[in-house]
Amino acid sequence: MSLYKMFKTEEAIEKTGIRVTYGSNSKGAEIAIHVGRAGGKNEAFQRVADHVLKPYRRQISGETIDPKQLRSLMMIVYARAVVKGWEGVEDENGVAIPFTEENCVKLFEDLPDLFADVQANADQLSNFRKEDLKAEAKN
């Protein structure tokens, strides 16, 4: 297999995102989060990360930043530049939560394992690789 087949990604999908599903909500509607790539051709990710993390560069490079603070900062970066929207997301009482940056950060704060899953999907090369997307489209 050529390097291009192994590593070539779909640029548009890196920016617009893949649809990651998480079952159904209280009304039976599918829960889905649209996740762009953290890096690659999603230039917004690097631009937003640079902006958000700039005041903390010394702490980050010196490894003196509190891990909780760094995680909170990364939640902001993901809410601004990686999560492109969602469907069917509700609060604990079954009330629909509209997609906004603030609501996304709050959801990540409330559900840190969801944030970890979104990070994993955003980092997974196969989610954005042309060859994998072609194979998935055939199925």
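Note that these values count all heavy atoms, side chains included, but never hydrogens, waters or copies made by symmetry.
- Counting only residues at least two apart or in different chains, salt bridge (charged side-chain N to carboxylate O under 4.0 Å, His left out) contacts with residues 23-39 comprise E14-R37, R19-E30, K27-E90.
- G88 approaches I31 most closely through the heavy-atom pair O-CG1, 3.5 Å.
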Apply side chain to side chain contact (heavy atoms under 4.5 Å, CB included) to the pair H34 and E87, showing each step before the final yes or no.
CA-CA 9 Å; H34 298 268; E87 305 153 32; 2.5 Å; yes
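- From Q69, atom CD reaches atom CD1 of I60 across 8.5 Å, with rounding to the nearest 0.5 Å.
- For the salt bridge (charged side-chain N to carboxylate O under 4.0 Å, His left out) condition, the pairs that include at least one residue of residues 73-84, sequence neighbours left out, are R80-E101.
- A salt bridge (charged side-chain N to carboxylate O under 4.0 Å, His left out) check over residues 66-76, counting only residues at least two apart or in different chains, returns nothing.
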For a side chain to side chain contact (heavy atoms under 4.5 Å, CB included) check, start with the C-alpha distance between M74 and V52, then their side-chain angles and the critical distance, and finish with the verdict.
CA-CA 8 Å; M74 290 308 296; V52 170; over 6 Å; no
Audit row: N25, V89, side chain to side chain contact (heavy atoms under 4.5 Å, CB included) steps and yes/no
CA-CA 7 Å; N25 65 18; V89 174; over 6 Å; no
With a 3.5 Å cut-off and sequence neighbours excluded, list the donor-acceptor pairs that the side chains of residues 91-98 form with protein atoms.
| unit_1 | atom_1 | unit_2 | atom_2 | d |
| --- | --- | --- | --- | --- |
| D91 | OD1 | N93 | N | 2.8 |
| D91 | OD1 | G94 | N | 3.1 |
| D91 | OD1 | V95 | N | 2.9 |

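- Considering CG of L114 and OH of Y22, their distance stands at 5.0 Å, rounded to 0.5 Å.
- Atom CG of D113 is separated from atom CD of Q119 by 11.0 Å, given to the nearest 0.5 angstrom.
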Yes or no on side chain to side chain contact (heavy atoms under 4.5 Å, CB included) for V48 and I76, after CA distance, side-chain angles and deciding distance?
CA-CA 9 Å; V48 170; I76 294 168; 5.9 Å; no
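- Contact detail for G36 and A122: the closest heavy-atom pair is O-CB, 3.4 Å.
- Under the side-chain hydrogen bond (donor to acceptor under 3.5 Å, both in side chains) criterion, the residue pairs touching residues 44-58 are Q46-D50, D50-R57, with sequence neighbours excluded.
- Not one N or O on the side chain of N121 forms a donor-acceptor pair closer than 3.5 Å with the backbone of N127.
- For E43 and K15, the salt-bridge test passes: some basic side-chain N is under 4.0 Å from an acidic carboxylate O.
- Between atom CD1 of residue I13 and atom CD1 of residue I18 there is a gap of 9.0 Å, rounded to the nearest 0.5 Å.
- Each ring-ring contact (aromatic ring centres under 6.0 Å, His included) pair with one or both residues in residues 57-115, not counting sequence neighbours, appears once here: F45-Y78, Y78-F115, W86-F99, F108-F115.
- Proximity of I33 to V83: side-chain heavy atoms (C-beta onward) are separated by under 4.5 Å at one or more points.
- Interatomic distance, OG1 of T16 versus CD of E11, reported as 10.5 Å (0.5 Å rounding).
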